[in-house]
Amino acid sequence: MAESYTTRLDDALNWARKYSLFTYPFVTACCGMEYMATAGSKYDIARFGAEFPRFSPRQADLLFVVGTITERQAPVLHRIWMQMAEPKYVIAFGVCASTGGFYQNYNTVPGCDQVVPVDVYIPGCPPRPEQVLDGLILLQKKIAEATTWVQRRDRKEVELAAQSTDGRKRLPVVA
Amino acid sequence: MAETPPSPIKSSIAAALRETATPPSPPPAAPPAAASAAPAGSAPSSAPPPSELVTIKLDGRDVQAKKGANLLEVCLANGVDVSYFCYHPGLSSPAVCRQCLVEVVGQPKLVPACFTPIADKMEVNTATPRVLSIRRQILEFTLVNHPVDCPICDKAGECTLQKQYQDWDHEGSRSSIPKVHKPKMQDLGPHIVLDAERCILCTRCIRVCDEVAGEKQLTMAWRGDREQLTVAPGHKLDNPYSINTVDVCPVGALTSKDFRFTMRAWELFTTPSVCPGCATGCNVEVHHAQGEIWRLVPRENLQVNKYWMCDEGRFTYKDVRHKRLTSARIGGGRGQPAQITSLDKAVTFAAERLEKLASSGASIGLVYSAQTTNEALFALSQVAQKLIARGANIRSYVTGTASKPERADKILRSADTNPNTAGATLFAGAGASDAGALLADLKAGKLKGLWMVGADLPLAEQALADTAPIVDGLELFICQAVSDSALLRRAHVQLPAAAWAEVDGSFTNNKNLVQRLRKSVAPQGDARSHLELISQIAKKANLASGEKWQVSARQAFLQMVSVVSSSLPVGADPAQVVAAGFASAEWGKEFLPVQLRFANSRG
Amino acid sequence: MSTTTQSKTGMKKLAFGMPTPDEIASGGVHGLSTRPKVPPDLMSKLNAAELEEVEDIELPTEPMTINMGPSHPATHGTVRIVLTIDGETVRDSDVQVGYLHRCFEKEAEHATYTQVFPYTDRLNYVSPLLNNVGFALAVEKLIGIVDRLPERAQYIRVIVGEISRITDHLTCLGASAMEVGGFTPFLWMIKVREWLWELLEELTGARLTHSYVRIGGVSQDLPEHFIDKLRATLHKSTSVLTECESLLVKNRIFRDRMDGVAAISAEDAIGLGWTGPCLRSTGVPYDVRKDHPYLVYDRFEFDVPVGSVGDNYDRFAVRLEEIRQSMRILDQAMTQIPAGPVLLDDPRVAMPAKNAVYNTIESMIGHFKLIIDGIKVPAGEVYSYTEGGNGELGFYIVSDGTGRPYRCHVRSPSFIATQSMSKLILGAGIADIIPTFGMINMIGGECDR
Amino acid sequence: MTDSILMFLAEHTAVAALLKLVLLVLGFVMPLASLSTWAERRQSAMMQDRLGPNRANIGPVKLWGILHFVADAIKMMFKEDVVPAKVDRFLFALAPVMAIAPVLITFAVVPFGPDLCVGQVLSVVTDPTTCKATIPLQVARMDVGMLFYFALASLAVYGTTLAGWASYNKWSLLGGLRASSQMMSYEVCMGLSLMGAFLVYGSLEPNAIVTAQGSNILNWGIFTQPLAFVLFFTAAIAETKRAPFDLPEGEPELIGYFVEYSGMRFGIFFLAEFIETIFLAAIVTTVFLGGWQVPGLDSSGFGSFHLPHLAVVLLQVVVWSLKILLLCWLQLLIRWTLPRFRPDQLMRLGWKQLLPLSLLNIIITAAVVLWRSGGK
């Protein structure tokens, strides 16, 4: 009986979370152009309830890592992620944010998952807006399927992240 | 698009790769980068006396060269690019490919540069429309029957034919008749496969067998467009230098079974190093990618191996990959199973026990393996002195793998399969004994402790396993080894050592040349270089305070050179000759691996 | 001013009361302007003496150090500005770049000349094709085939380049509107950009990172009806532009935010090495397309819009007018474009036909070598410059005769413009920083490379 | 039955006030505030050639995306509440309350309908004075109603300032400072611009002002005090801190005084902003648009077309709501059309333009009122 109530509560919460994704666009590079296009009239990411860009990480639910993360930028990104309130989600927008892309050199971080845990990776250099929307729907699906009513990340991940003060201590790649 | 002479950058890479004291055509002001020193009394031949020099006009430019010199070599030495296939600096010139035809004023026909000795006042043109046109036509003929194989050809990317076509021809095909087909994938011998279609009949491989290996195993058969390379009747291409044919082959006709289809040439990185296979110390390029070594190819050094190396030496890289000891172990001794532990713990354990043993005045055996670098051996000799100062009774032994008299020949292969026998002998000191004495001492229980730098004994695997219990009486047995062995498993402290391709350092060959090894791949697992392991143990045991050799291989080398040259033994000691090699050695410049594609085709 | 340029043909009185270069040349640079040179309000730029004077009047305050960026919401690129503020007035600032250093120049050394194109796409990622063209021209100049480029390819390069310039300016203008709070015109401009991107996608296969230009021409010919579609798109874009203009240019609040803010004199701008729309906003009619014509730019009639005050509004207005001029060029290019090949017919530069590659060893080798070794560029060095979205985009290439650049340096206009940020925002308010930054149009990919 | 309940309410004003409060706040203001977040998103989408949020669904029900704000609310309530280190915990918690409470309280003085005539709800009432008892459709009828409004509205500034100060963040501090200076400056103008209307209608009591405007549209504040209408509307928008006066928030510049707030605390700020717009609309309606008055409708109906009292009251309440919706929508249009001011420009507008104009308005109005009343 109690289980059925929590399940209902889960569903309601997940429903709310998936349709109310306030985004924090961490825009660094070229992908920002496609981020604009995705927010623009034709593709209109607002349709999915992910409209409000909240420029304070405290108020955002979804961190869009848009573009290349460099060694100099990585601690900043990590800090932003730490500042966000749970439940929080991260989308790696484009190959640079996912893997470093074709920048394989001393200053490019090979994917933002070295610094923050990523929920959805969107490939493409830059990804087409359709891909972005697909990634967003994927995230919504993931949120809808979450089972704990306070969405918790892998404990180890959180601990590791908390230990790291500058984001340099790399998180394990989440399988 | 104007053709340009090879740029200084490219030639400096080439020079660094070549690393020879006496290059055939010395690049301008490129200092010898290797730690190679000329043996006493055999300094490289200096410039010939002026009377032998003649002046020729090369493309309108006055050029001086030795009378009778090969015209092609003169052209190349003066930065004039002439295409060629069949010429090779280490072989005779039959002028069969006709690719190096140049115009000599006064001659009615074009002459093959590789077959023409120069004479005084000769006027040579290498870039007239006539020469260029003939060059193109010859290339067109060469390509008429060449299969469209580049995507599946091992030579692609380092193929001379590709290079020459792109440099001199780059015209489309005019032929519409079907190509002549010849057998593909012919097995010529234990290491070589022939694709007869790709062969351009330059006969370099035949000459390698004839002139380098001294065995007439290859020949041409048939005539015209059906002419093809084949093994001589009743023979196989099985001489110990057979893979050199692959190196000299300008196309992908001859391929090595070992390297075939493993790696594309342009993805490889190259690091100059020295072959650890025998006391000859052939200069090699280590071709590696993705942290693995894929092949060894000879590197030109006229004092040692010229342009060649033996087949056995080429496979020494496999030991780097296989049977490795990758983590430190502390064992109970006496054949009890060892526990895997961190390198740090193992080293600390070793150092503590060693220090205790040394101060108790026990007799400790130090083993100098001829498979390890001079720097590690030098460091060990320094530690030995410190141990003696602590009161220990030190006995030194020189060991190594068993010598193979059957492999010795007058070309490159030496019976001594250890690359650094000379160095080990030098550093072990005058009173050192050999492996036989070590075994005898162990059996007699004369040693309380044993520290083996390199677990190499001149015993076969089975014999080693049978002999191994001999060490059970020891109080402390430290063993640093590259690969696992029965002897190692009986050691109290088993330390993983880096293989030759994973360390910086030097070997002293049988001509007493000190030659530089370069690190090409990262050590596997926890492995560290012998030098580093010695340093760590010595540091923990307080045996090395303030010593430079523990800083880096380079510092160890510099200290070694100064120590050796300052303590040159007086008299007719055989060590004097060895030490003389050290006196003039230099550490050479650091070298970052160059990707083969930047070297722009080895062909 | 020492950098007078050749007289321009067909100068017309430009929009927004800006004087033409002729008028500037005739002396009264600022006198002709309908707008005052020194803005009357206190918050905008004051010189040191004036600041001191203000300090004397007001109660003494303690300056506060505050950090803006590097993940500030509205900066175009990622940049960090350490501000020393007094109230809301900027007293000192330290603009730190380098947060998007992706090692373009190092990557270029490891890529064949053809493989560098994708990297150039991501330099100024707002107008990738202009970067493509700039790099291609530099390499072609080094090889010595600039004169032999097929005419149609040159026209196509002009067309795609100008479309790219329009998208660049649209993004910059839209973003600047957003930065002062006008979100609606931003989306309208993005809408227009979307139309143009769709055209480019039809042509190049990619929306943003096209890598369309090749050494010796372009990768493929214009698709069918491209010209007609472009004409139609430009037509409808014009009406949207007019709408945006009505929301911004005639809006008092917007004008107040832009007028007289971060003004700079022509001398200072030249001294700082400015080029492009930013320099032209100060009244210097320097445009590479006009002064050092490349491709077929000398065959088109277009004007170089200039400003007079060199403030944010002038930078805005110059860009807006440049969109119109680009449309003019496009119009003429579409009429003049001849038929013919779009890639130079030279096997050392251009890839052989696929059919030949699969069937003859000659073309196979040619293809193989061009891919693996790259186009062999003769040893030497070259500096080639074109008019990029933000100004003079220069490529300095050193070749060692191999298929890869030995060194490839970019003179990126936004890096040079960014160095003057500290100067521009000194004495301005916090609210002015972002619009000023937007009008400088620092693009991270280009600035940090 | 109905009458007796109404009678009970008329006699027990405290109960009636509670009921009205619940009705007004929970039944009208809160839903409208939430809805206006939806309206804002759809309106901006419409202006920008977009669709706006339209995906949230419960089963097949989509309701043009209205459900998105439900999702927003639920999500915010269950979001982690981050209290950054080093903040002043008490003030940090107090600030959102201070932001929303004054606006909600001031709704007490807004009349949302005429007096309900107890006992005659279903018959035609020609003269309201004949009622035996009335229930005012206003939570609290105070003679100094408008003063009460000003007094409380000025408290709202504490919410933003405290939020900015307590957050221990330089940016939020700047936002808070901007907010306090802006709100204080514009309050002066707001008060002065209403002064004319008080002179014209001779009262400070909102319902009296509405009653005085009557059903004649030409007698409404917007026609008698056109300048004051513009001034007040402008100043009041500035007071709500919404574009083009959203400097304290100023996303591209400061991110806002509530930069450190997360979860529902931020939600409260968010909501307070929308409630303020509604409240602004309510005040403007009261003073300038005739409040609940419907043109041509008096207590008995449209002229000779008589309507039962309940119908009249209902019609007036509905029209009052429509007026508020219209004004809210007008604010949205402004919000999405105009760029943002700069602090100095804002101050200049407030002190150098709006203030002198509102003083001028008072002088002119006073003169006209004096002249019309014949100097008495």
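Note that the structure is predicted; figures quoted are calculated from it, not measured. Residue numbers start from 1 in every chain, and the chains themselves are labelled A, B, ... in the order their sequence lines are given, proteins ahead of strands.
- Shown here is Lys106(C), whose NZ atom has no more than 12 heavy atoms of other residues, nucleotides or ligands within 6.0 Å.
- Ion pairing between a basic and an acidic side chain is recognised when a charged N comes within 4.0 Å of a carboxylate O; Lys376(C) and Asp167(B) show such pairing.
- With contacts defined as side-chain heavy-atom distances shorter than 4.5 Å, the pair Gln166(B)/Leu370(C) qualifies.
- Surrounding CZ of Phe415(C) are at most 12 heavy atoms belonging to other residues, nucleotides or ligands under 6.0 Å away.
- Around the CG atom of Asn359(C), the shell of radius 6.0 Å holds more than 12 heavy atoms that belong to other residues, nucleotides or ligands.
- In terms of non-hydrogen atom pairs under 4.5 Å with chain C, the most contact-rich of Gly172(B), Cys150(B), Ser175(B) is Cys150(B).
- Note: Ser363(C) OG to Glu171(B) CD = 10.5 Å, rounded to the nearest 0.5 Å.
- Contact check for Ser173(B) versus Ile361(C): no side-chain heavy atoms found under the 4.5 Å cut-off.
- In this structure, SG on Cys159(B) lies 7.5 Å from NZ on Lys369(C), to the nearest 0.5 angstrom.
- Judged as a ring-ring contact (aromatic ring centres under 6.0 Å, His included), the pairs with a partner in residues 357-385 of chain C (not counting sequence neighbours) are, in order, Trp266(B)-Phe368(C), His292(C)-Tyr385(C), Tyr383(C)-Tyr385(C).
- Glu292(B) pairs by the side chain to side chain contact (heavy atoms under 4.5 Å, CB included) definition with Trp294(B), Arg321(B), not counting sequence neighbours.
- Other residues, nucleotides and ligands contribute only 12 or fewer heavy atoms inside 6.0 Å of the CZ atom of Arg226(B).
- The interface of residues 137-149 of chain B with chain C, defined by heavy-atom distances below 4.5 Å, comprises Leu143(B), His146(B), Pro147(B), Val148(B), Asp149(B).
- Every residue meeting the side chain to side chain contact (heavy atoms under 4.5 Å, CB included) condition with Leu344(C), not counting sequence neighbours, appears here in chain and number order: Ile145(C), Arg148(C), Pro150(C), Asp346(C).
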